[in-house]
There are 2 protein chains.
Amino acid sequence: MRSNSLFKGSLTTIILTLLEQNEMMYGYEITQKVKEIANDLKITEGALYPALHKLEGDSLLTASFKKVGNRTRKYYKLTENGKTESVNRLNDLKDFVEQMQLILNTKLTTQ
Amino acid sequence: MRSNSLFKGSLTTIILTLLEQNEMMYGYEITQKVKEIANDLKITEGALYPALHKLEGDSLLTASFKKVGNRTRKYYKLTENGKTESVNRLNDLKDFVEQMQLILNTKLTTQ
DNA sequence: TTTAATACCTAAGCGTTTTAGGTATATTTG
DNA sequence: CAAATATACCTAAAACGCTTAGGTATTAAA
């Protein structure tokens with residue numbers, strides 16, 4: 001992507017969906033996973049950690065600390081509300097893409 | 001859409017693309033056009049007018065006033081830079097959708 | 001004649017992200 | 001072995017883009 005950033009508002013969708021796929025993840029792991037599968041979408045820690053804290057505050061995620069060697073990881077998983085919200089977010093994104101296609105009068109994917 | 005809003009950053013893409021399709025448009029016309037073809041994407045005037053002013057300031061659009069009866073409309077059209085940026089923005093959006101599909105591991109459109 | 005639609009605009013506030021740091025442990029490399 | 005890089009968490013100021021909530025004025029509809 002020319003512009004360095006992802007479209008604002010999509011970070012939460014990414015987090016929730018990754019946690020739907022993986023059951024338990026810690027913050028740094030999420031940044032690496034995104035880098036691995038979608039190299040153009042840089043998610044920065046400055047955005048990620050506040051987003052995780054907000055999702056936890058909204059009871060969409062729960063957190064638990066796990067010690068690995070001498071280092072502590074904070075693992076997150078979806079709550080029931082989080083699972084529901086994850087589905088909603090995905091639908092929002094699908095709707096957005098469809099509406100954009102109507103306006104742009106072109107398909108947004110080749111697949 | 002559940003959430004009332006569009007993904008942040010997409011408004012500029014919408015404006016530029018509509019002006020690619022229509023040559024000349026005024027602000028209010030843009031709001032109505034979007035409402036007409038994508039009823040779920042509400043673009044508000046409070047967002048639109050500052051966005052138009054910024055695009056004009058960045059020399060992607062030029063503006064000219066036209067009197068229609070006793071009422072003045074401010075018509076915008078793309079500059080050469082604007083045409084280039086319009087293409088870039090569309091490519092950015094396409095890239096974004098493709099990268100999101102990789103992360104979500106699902107297609108975002110049925111078409 | 002009041003309301004709704006057309007047509008422009010601004011400004012405060014809000015939420016999300018960027019930018020730019022900070023701490024500490026573990027591993028790699030020169 | 002020392003220094004650099006990677007892992008792992010975090011915060012805070014600032015920028016950014018949008019929402020919300022106004023404002024003015026003209027024209028059309030109820």
Side-chain angles (χ1 to χ4, degrees), chain A residues 1-16 24-36 40-58 60-61 63-76 85 89 92-93 96 99-100, chain B residues 1-16 24-36 40-58 60-61 63-76 89 92-93 96 100:
Chain A
M1 279 211 255
R2 265 187 54 271
S3 63
N4 54 332
S5 67
L6 40 78
F7 280 71
K8 297 189 178 185
S10 55
L11 178 57
T12 302
T13 306
I14 291 173
I15 294 170
L16 293 175
M24 260 196 160
M25 295 183 90
Y26 55 99
Y28 189 76
E29 188 183 9
I30 292 175
T31 68
Q32 297 313 106
K33 185 61 114 183
V34 169
K35 190 189 288 184
E36 180 190 322
D40 293 347
L41 288 189
K42 307 272 179 229
I43 81 161
T44 61
E45 297 188 8
L48 179 68
Y49 288 111
L52 287 171
H53 300 160
K54 181 169 195 309
L55 289 169
E56 195 186 354
D58 292 345
L60 302 179
L61 303 182
S64 55
F65 291 93
K66 286 221 161 37
K67 253 199 148 176
V68 179
N70 204 354
R71 196 183 260 157
T72 304
R73 293 173 179 167
K74 191 172 179 183
Y75 279 89
Y76 291 93
E85 186 61 17
R89 288 291 191 146
D92 286 353
L93 183 55
F96 168 74
Q99 297 280 302
M100 285 298 283
Chain B
M1 278 212 257
R2 264 187 53 270
S3 62
N4 54 332
S5 68
L6 37 79
F7 280 74
K8 296 191 178 185
S10 55
L11 177 56
T12 302
T13 306
I14 291 172
I15 294 170
L16 292 175
M24 260 195 161
M25 294 183 90
Y26 56 99
Y28 189 75
E29 187 184 9
I30 292 174
T31 67
Q32 297 312 106
K33 185 63 113 182
V34 170
K35 191 189 288 182
E36 179 190 321
D40 293 347
L41 288 188
K42 306 275 177 223
I43 79 161
T44 61
E45 299 187 8
L48 179 68
Y49 288 112
L52 286 171
H53 300 161
K54 181 167 195 316
L55 289 170
E56 195 186 354
D58 292 344
L60 302 178
L61 303 182
S64 55
F65 291 93
K66 285 222 162 39
K67 255 200 148 177
V68 178
N70 205 352
R71 195 184 261 157
T72 303
R73 292 173 178 166
K74 191 172 178 183
Y75 278 89
Y76 290 93
R89 288 292 191 145
D92 287 351
L93 182 55
F96 168 73
M100 285 298 284

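Labels below follow one simple rule: chain letters A, B, ... track the order of the sequence lines, proteins then strands, and each chain is numbered from 1.
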Other residues, nucleotides, ligands: >12 heavy atoms within 6.0 Å of B:Lys74 NZ: yes
Report the distance from atom CG of A:Leu16 to atom C1' of C:dT16, rounded to the nearest whole Å. 15 Å
Does the side chain of A:Met24 reach to within under 4.5 Å of the side chain of A:Ser64, using non-hydrogen atoms? yes
Report, as a single string ordered 5' to 3', how protein heavy atoms within less than 4.0 Å touch nucleotides 1-11 of chain D: B base, S sugar-phosphate only, - not at all. -----BBBBBB
Could you state the CZ-C1' distance from B:Phe7 to D:dC18, rounded to the nearest angstrom? 14 Å
Need to verify one output field. Residue with the more 5' nearest nucleotide on DNA chain C, A:Asn70 or A:Thr12? A:Thr12
Roughly how many Å is it from CD1 in B:Ile30 to P in C:dT6, rounded to a whole number? 15 Å
Taking side chain to side chain donor-acceptor pair (under 3.5 Å) as the definition, give me every residue that meets it alongside B:Lys54, ordered by chain and number, with sequence neighbours left out. B:Asp58
Rounded interatomic separation in angstrom, taking CG from B:Leu55 and P from D:dG17: 10 Å
Without decimals, in angstroms, what is the distance between B:Lys33 NZ and C:dT6 C1'? 16 Å
To the nearest angstrom, how far is B:Leu41 atom CG from D:dC18 atom C1'? 14 Å
In plain terms, say whether A:Glu85 and A:Arg89 are close enough for a salt bridge, that is, a side-chain N and a carboxylate O under 4.0 Å apart. yes
Which residues pass the side chain to side chain donor-acceptor pair (under 3.5 Å) test with B:Tyr26, not counting sequence neighbours? B:Arg73
Can you tell me how far C1' of C:dA24 sits from NZ of A:Lys67, to the nearest Å? 12 Å
Would you say that B:Ile15 contacts B:Tyr76 through its side chain, given a criterion of any heavy-atom pair below 4.5 Å between the two side chains? no
